[in-house]
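One structure is given here, and the rest of the page talks about it.
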Amino acid sequence: MKLIARRTLLATLLALPATAALAAPLTLGFSQVGAESEWRTANSASIKAAAKEAGITLKFADAQQKQENQVKALRSYIAQKVDVIAFSPVVESGWDTVLKEAKAAGIPVILTDRAVKVADPTLYVTFIGSDFVEEGRKAGRWLLERAAKTPNAALNIVELQGTVGSAPAIDRKKGFEEVIKTNPKLQIIRSQSGEFTRAKGKEVMESFLKQRDKKIDVLYAHNDDMAIGAIQAIEEAGLKPGVDIVIISIDGVRGAFEAMKAGKLNVTVECNPLLGPQLMQLAKDVVAKKPVEKRITVNEGVYPAEVAAKELPNRKY
Ligand code: AHR
């Protein structure tokens, strides 16, 4: 039986006004990607705090960056007949079957943070999250402006990509390349996944630095954690991060502001993880069958090192 119908029946049985029964808490099943970055930790904390604040019963599962764990969690939420499911998909593809199961069970699905590629877009109700292509473009535009100050110099770029097959890795690469291709002096000479983690970012940067055929001028990291790991690798190689190698990253976490303040990171493009309050409102609206936008984006800025010291005390994540 559908939630609204269940609640109306409950109201009748208890001889209560329907609005009183409607005040019964919603149950939201949420499947999180993992705990791979400072961004993700802030995102999970925002969702948990907002659920509490909104009086929503939250069932939360950490998938440890594995799609199979997310599919299991979604199936378990379907079996538990939660009112609404939300998840941040680790990769873009491979969701059609489980989303069809949710639809058949009458449970609405909200995507948060990352998008999916599905044949039938009605398999989810709405998607709230950043525009990752635009984030990549912002990173590229910052580099174009910087390169304009040394117009004759060619710049060799190395790229630390996020999780293979994930929306932010695909889109941030696309947006960045779209912008930098307008200046043929900017060339990506190496590109590899650092899985959005500090440890892997460091490891891959070490291997980039060991290949001595070409000098590295710029590092473009798809998130701050990989940039912070790479900073360690650069220092251990006897180079000055932010000076010998210009570093551009994405997220805008506190760690990045601290690195910028120390002169080790040149710019971070903001990606806001504090999606909890909007997600809870959406969950309520979706369950109440109110109309919602299919795509909800988040407004975000660009923070160069020059503003880091002033901005750091204002950062909320
Ligand atoms: O999907 C958002 C990305 O996932 C963040 O940029 C990254 O830090 C996280 O792991």
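One-based numbering, in listed order, for ligands and for the atoms of each. Note that the coordinates shown come from a computational prediction; the quantities given were computed from them, not determined experimentally.
Transitive grouping of hydrophobic side chains (ILVMFWY, heavy atoms separated by less than 4.5 Å) brings V287 and I128 into a common cluster.
Note on ligand 1: D113 sits in its first shell, one or more heavy atoms being nearer than 4.0 Å. Not a single heavy atom of D225 lies less than 4.0 angstrom from ligand 1.
Taking 4.0 Å as the cut-off between side-chain N and carboxylate O, D113 and R40 count as a salt-bridged pair. Note on E134 versus R141: salt bridge recorded, some NZ/NE/NH1/NH2 to OD/OE distance being below 4.0 Å.
When Q65, E36, M226 are checked for heavy-atom proximity to atom 10 (O) of ligand 1, E36 turns out nearest.
Taking any N or O of R40, backbone or side chain, at least one lies under 3.5 Å from an N or O belonging to ligand 1.
If you number the atoms of ligand 1 from 1 as listed, the ones under 4.0 Å from a heavy atom of P168 come out as 1 (O). Atoms of ligand 1 lying under 4.0 Å from any heavy atom of S37, numbered from 1 in the order shown and given with element: 7 (C), 8 (O), 9 (C), 10 (O). Close contacts of ligand 1 with R172, meaning ligand atoms under 4.0 Å from a residue heavy atom, involve 5 (C), 6 (O). Within ligand 1, the atoms closer than 4.0 Å to a non-hydrogen atom of F132 are 1 (O), numbered from 1 in the order shown.
Ranking protein heavy atoms by distance to atom 5 (C) of ligand 1, first place goes to D251 OD1, 3.4 Å.
Note that R315 lies in the cation-pi zone of Y303, set by a 6.0 Å cut-off to the ring centre and a 45° limit from the axis.
For the atom pair CD (E235) and NZ (K240), the distance works out to 10.5 Å, reported to the nearest 0.5 Å. Here the NZ-CZ distance, from K316 to R254, works out to 10.5 Å after rounding to the nearest 0.5 Å.
What you find for Q70 and S31 is that their closest heavy atoms are NE2-OG, 3.1 Å.
One N or O on the side chain of N266 and one on the backbone of I247 form a donor-acceptor pair closer than 3.5 Å.
Within the 4.0 Å heavy-atom criterion, neither part of E195 lies near ligand 1. Contact annotation: for R114 versus ligand 1, heavy atoms closer than 4.0 Å belong to the side chain alone.
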